[in-house]
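Everything on this sheet refers to the single structure shown next.
Because only heavy atoms are used, hydrogens play no part in the values below, and waters and symmetry mates are left out as well, while side chains stay in.
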Amino acid sequence: MKIPAWRRAVIKVGSALIAPDGNGCSSKYLLAIARFINECRERGQEIVLVSSGSVAAGRHHFKVEGNNTPVVLKKAMAAVGQTQVMESWSRFFDFPCAQVLMTHDDLRERERYISIRNTVNALLEHGIMPIANENDALATDDLKVGDNDNLAAMVATVVDADALFICSDIDGLFDKDPNKNKDATLLPVVEEIDQSIYALAGGSASAVGTGGMRTKVEAAEKATAHGIDTYILNGRKGSKFEVLLRNENPGTLFKAKENPLSNKKHWLRHTLIAQGEILVDSGAVDALRNEGESLLTSGIVGIEGNFDRGDAVLIRSAENMETIAKGICRYSSHELIHIKGQSGSAIAEAYGYSPISEVIHRDDLMLWRKND
Ligand code: GLU
């Protein structure tokens, strides 16, 4: 089977390939990947690399035993390891590489998201290969994406890639856990990512990185929703890149959705984290789901959590707690507690002013499908 043609791709390379034996960066697996990148560029294809490995590459400079490394040391490891990761990649290429470090915070604010997009596009236009990673040395956990699979999917959507290649130490997604079942078989193509696919992904974690199969499926879900074909392949096997150069499937292909979400809806659904919840009555559920309406004060029956104006919130049905949508709220939780359940005219009478009636405007709202 020939895979769909692509022009711009994000390649994610995991820590297990960059620092496989815990003793700094190694060229062992990177050579084949670098050769592949060179070949693609010669064919006129554009590559953005998302490279993990800063913590793994920096670890050997510190005397720490066991797996419970304090966060402050992990950040220090990332600071020293990140330069080594960059150095290591740069050695393979005759063209310049650019370091792009970001955190989840940079991606969730729309202006900063656009700024990353412009920088990466400018680099690509000038023949420079962006190498992205999370800013592990500085970011605190609550500002981080946390794993580079999801980060790579976000980067792929930011730069409007056509393909995302997740290179790991496993051949792809199997129908059973291949570590426990000898007869496990590889799934070459996944058409639709649903709970049964997540069930297959459970439990297979990497020893050196933060991601496992689950984060790879999450990444595939984000990217495919944006119209990006996503592959998991074994980056330890150089032959897989030759397969790719023949335009054949090297592992598991998660097929892109045909009607991808718009950039804004994608960002809303997959990048923004909900800071609270708004519980609504059945009338509001119907208006949102079936009438294409905005969320108004009158349908709100409860507020959970503390959020500010402009924060993302989940809208849930008060009747059965089903998630209906996610949206950007125009009021703070504190304000909503006072005006919930009231009509615009009742609020005007009580408070002497008539507020904006749409608590969440339709344009800032992303509906969940029934079985999400
Ligand atoms: N950003 C981390 C690093 O470079 C890797 C996260 C992951 O393993 O997914 O060390």
* State whether Glu39 and Arg43 are salt-bridged, where the test is any N-O pair (Lys NZ or Arg NE/NH1/NH2 against Asp/Glu carboxylate O) under 4.0 Å. => yes
* Under 3.5 Å donor-acceptor, Ser294 side chain and Glu358 backbone -> no
* Structure fact -> For Lys216 and Ile232, the nearest pair of non-hydrogen atoms, with its separation, is CB-CD1, 3.7 Å
* Salt bridge flag under 4.0 Å for residues Arg112 and Asp105 -> yes
* Glu46 with Arg7: basic N within carboxylate O range, under 4.0 Å -> yes
* side-chain hydrogen bond (donor to acceptor under 3.5 Å, both in side chains) between Arg91 and Ser27, worked out -> CA-CA 10 Å; Arg91 249 185 271 134; Ser27 56; over 6 Å; no
* Asked: Cation over ring, Arg35 on Phe241, under 6.0 Å and within 45°?
  -> no
* To do: To the nearest 0.5 angstrom, please state how far the CG atom of Asp106 sits from the OG1 atom of Thr103.
  => 3.5 Å
* To do: Compare every heavy atom of Ile18 with every heavy atom of Ser52, then report the nearest pair and how far apart it is.
  => O-CD1, 2.9 Å
* Asked: What about Trp368 and Leu279, same hydrophobic cluster or not, with Ile/Leu/Val/Met/Phe/Trp/Tyr joined at side-chain heavy-atom distances under 4.5 Å?
  -> no
* Output yes when a side-chain donor or acceptor of His104 lies under 3.5 Å from a complementary backbone atom of Thr271, and no otherwise. => yes
* Structure fact -> Taking every heavy atom of Val85 against every heavy atom of Ser51, the minimum-distance pair comes out as CG1-OG, 3.4 Å
* Asked: Salt bridge or not for Arg289 and Asp286, using N-O below 4.0 Å?
  -> no
* Residue list, ring-ring contact (aromatic ring centres under 6.0 Å, His included) with Phe165, at least two apart or on another chain -> Trp6, Tyr231
* Asked: What is the minimum heavy-atom distance between Asp171 and Lys240, and which atoms define it?
  -> OD1-CE, 4.4 Å
* To do: Report yes if some heavy atom in the side chain of Leu336 is under 4.5 Å from a heavy atom in the side chain of Cys329; otherwise report no.
  => yes
* Structure fact -> Here the gap from Arg330 atom CZ to Leu295 atom CG, rounded to the nearest 0.5 Å, amounts to 11.0 Å
* Which heavy atom in Met77 sits nearest to a heavy atom in Val55, and how many Å separate them? -> CB-O, 3.9 Å
* To do: Apply the salt bridge (Lys or Arg N to Asp or Glu O under 4.0 Å) test between Arg316 and each candidate in Glu304, Glu322, Glu277; give the one that qualifies.
  => Glu277
* Asked: Which value, rounded to the nearest 0.5 Å, describes the distance between Met86 atom CE and Leu49 atom CG?
  -> 9.0 Å
* Residues Asp160, Arg8: salt bridge by 4.0 Å N-O rule -> no
* To do: Look at the side chain of Lys255 and the backbone N and O of Ile228, then say whether any donor-acceptor pair between them is shorter than 3.5 Å.
  => no
* Nearest 0.5 Å please: distance from the CG atom of Asp175 over to the CG atom of Asp183. => 7.5 Å
* Asked: Do NZ/NE/NH1/NH2 and the carboxylate oxygens of Glu218 and Arg214 come within less than 4.0 Å?
  -> yes
* Structure fact -> Closest non-hydrogen contact found for Phe36 with Ile11 is CE2-CD1, 3.7 Å
